[in-house]
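First the proteins, then the strands, lettered A, B, ... as listed; each starts at 1.
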2 protein chains.
Amino acid sequence: MVDHPMPEERASKYENYFSASERLSLKRELSWYRGRRPRTAFTQNQIEVLENVFRVNCYPGIDIREDLARKLNLEEDRIQIWFQNRRAKLKRSHRESQFLMVKKNFNTNLLE
Amino acid sequence: MVDHPMPEERASKYENYFSASERLSLKRELSWYRGRRPRTAFTQNQIEVLENVFRVNCYPGIDIREDLARKLNLEEDRIQIWFQNRRAKLKRSHRESQFLMVKKNFNTNLLE
DNA sequence: TTGTAATTTAATAGC
DNA sequence: GCTATTAAATTACT
């Protein structure tokens, strides 16, 4: 568990004095310094492609991931994590719908 | 910000025809229907206790959270979310005060 | 309008 | 690889 030490961002103060891309790289540098990778913001298109692959195969091997990485201009690691999180999300949604179904049946049974 | 497109609430126009508690439960039902938990309104006392714990430990483990949940008569989930949001708020305030400090120094340096 | 509870999801830690 | 959390960013309500 990362106990966030908080030597907080010396960059933010200068933010207005830099261009957008300079700010971004400053931010990245600082985030790394603080020990956490800056959150990747996938584009709509990247997500679309990833979702399409996921529908067919939610466990793509290293070869497919590398291929995606090239095509989407992302690091392979980002893609691996994306699929991990996506599988977790799918699992949660399954759990939830199961729960709702059980609940529905429970209520229905009470009325019979 | 602005964004009030909404196929909006058939409830709101009837609001005046219902008692406060009827309005509240209507609202809750609508929130659930829309897939969002109705906003919890913490009491002054609950906030006070949470703030006191936060001062000592802003990353309470599951055991402490469960304990708080019992004592404050809240769901453990509400408490986890509260700490999450509280940490984000603290971080924002740190960023802001740092920004002000830097700005002040920057201006001072210009005058030297 | 502001503050903040709630949501979503990328990233991390531990197993 | 999975689970449980965290942080970041946003949404939306009071």
Side-chain angles (χ1 to χ4, degrees), chain A residues 1-6 8-9 11-12 23-24 27-28 30-44 46-48 50-51 54 57-62 65 69 72 74-96, chain B residues 1-9 11-12 15 20 23-24 26-44 46-47 50-51 54 57-66 72 74-96:
Chain A
M1 265 143 228
V2 193
D3 172 51
H4 218 313
M6 291 254 169
E8 195 55 14
E9 238 114 330
S12 57
R23 280 204 300 277
L24 185 65
K27 200 171 180 179
R28 288 187 177 283
L30 246 128
S31 289
W32 274 114
Y33 179 73
R34 281 160 51 202
R36 182 175 269 246
R37 162 182 295 279
R39 190 184 171 94
T40 305
F42 297 110
T43 66
Q44 204 49 55
Q46 287 169 334
I47 289 176
E48 203 176 309
L50 290 169
E51 287 284 359
F54 186 83
N57 177 10
C58 56
Y59 288 93
I62 182 65
R65 295 200 307 267
L72 299 178
L74 289 166
E75 299 163 53
E76 187 272 325
D77 260 19
R78 292 320 95 221
I79 293 180
Q80 178 157 6
I81 296 292
W82 187 90
F83 275 88
Q84 215 158 266
N85 281 321
R86 188 65 187 75
R87 286 194 296 270
K89 180 182 172 179
L90 180 63
K91 213 166 178 183
R92 271 199 312 277
S93 80
H94 280 164
R95 265 201 298 268
E96 266 158 43
Chain B
M1 301 300 170
V2 192
D3 193 53
H4 227 277
M6 291 299 99
E8 195 53 16
E9 286 50 359
S12 58
E15 258 179 11
R23 281 204 300 275
L24 185 64
L26 250 175
K27 212 164 190 174
R28 285 186 180 283
E29 214 168 323
L30 220 99
S31 288
W32 278 115
Y33 178 74
R34 282 179 176 161
R36 180 173 274 249
R37 162 181 296 280
R39 197 185 168 90
T40 305
F42 298 109
T43 66
Q44 203 50 55
Q46 286 169 333
I47 290 176
L50 290 169
E51 287 285 358
F54 186 83
N57 176 10
C58 56
Y59 289 93
I62 182 63
D63 47 339
I64 295 181
R65 295 199 307 267
E66 289 284 15
L72 298 178
L74 289 166
E75 298 163 54
E76 187 273 326
D77 259 19
R78 291 323 95 219
I79 293 179
Q80 179 156 13
I81 297 292
W82 188 89
F83 275 88
Q84 243 161 243
N85 283 318
R86 189 63 187 77
R87 286 193 299 266
K89 180 181 173 182
L90 179 64
K91 206 164 180 184
R92 274 197 310 276
S93 80
H94 279 166
R95 263 200 296 266
E96 269 158 40

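Distance Arg39(A) CZ to dA8(D) P: 9 Å, rounded to the nearest Å. Across the protein-nucleic acid pair, Glu51(A) atom CD and dA10(C) atom C1' stand 14 Å apart, rounded to whole Å. Distance CD1 (Ile62(B)) to P (dA4(D)): 11 Å, rounded to an integer number of Å. The interatomic distance linking Phe83(B) (CZ) with dA7(D) (P) rounds to 13 Å, in whole Å. To the nearest angstrom, C1' of dT12(C) lies 14 Å from CD of Gln84(B).
Residue Ile79(B) holds its CD1 atom at 11.5 Å from CD1 of Ile81(B), rounded to the nearest 0.5 Å. Between the CZ atom of Phe42(A) and the CD atom of Glu48(A) there is a distance of 14.5 Å, given to the nearest 0.5 Å.
Of all the residues in residues 74-82 of chain B, Arg78(B), Ile81(B), Trp82(B) reach under 4.0 Å from DNA chain C with at least one non-hydrogen atom. If you check residues 85-92 of chain A against DNA chain C, the residues with a heavy atom closer than 4.0 Å are Asn85(A), Lys89(A), listed by number.
Tyr59(A) has a side-chain polar atom (N or O) that falls below the 4.0 Å cut-off from OP1 or OP2 of dC2(D).
Take Arg87(A) and apply the salt bridge (charged side-chain N to carboxylate O under 4.0 Å, His left out) test, not counting sequence neighbours, and it matches no residue. Arg86(B) meets the side chain to side chain donor-acceptor pair (under 3.5 Å) test with Glu51(B); sequence neighbours excluded. Residues forming a salt bridge (charged side-chain N to carboxylate O under 4.0 Å, His left out) with Glu75(B) (at least two apart in sequence, or on another chain): Arg37(B). The side-chain contact (heavy atoms from CB on, under 4.5 Å) search around Asp63(B) returns none, not counting sequence neighbours. Here Glu76(A) pairs with Ile62(A), Arg65(A), Glu66(A), Ala69(A), Gln80(A) under the side-chain contact (heavy atoms from CB on, under 4.5 Å) rule; sequence neighbours left out. Every residue two or more places apart in sequence or in another chain that forms a side-chain contact (heavy atoms from CB on, under 4.5 Å) with Lys91(A) is listed here: Arg95(A).
Cys58(B) and Phe83(B) get closest at one heavy-atom pair: O-CD2, 3.9 Å.
If one axis is set at each end of the helix from dG3(C)-dC13(D) to dC15(C)-dG1(D) from five pairs, those axes are 10° apart, to 10°.
Across dA5(C), dA10(C), dA7(D), the shortest atom-to-atom separation from the side chain of Thr40(A) is found for dA10(C). Here dA11(C) is the nucleotide among dT9(C), dA11(C), dG1(D) with the atom lying nearest to any side-chain atom of Arg36(A). If you check dT6(D), dA6(C), dA10(C) against the side chain of Arg37(B), the one that comes closest is dA6(C).
At a threshold of 4.5 Å between non-hydrogen side-chain atoms, the residues Leu72(B) and Leu50(B) count as touching. With a 4.5 Å cut-off on side-chain heavy atoms, Leu74(A) and Trp82(A) do not count as touching.
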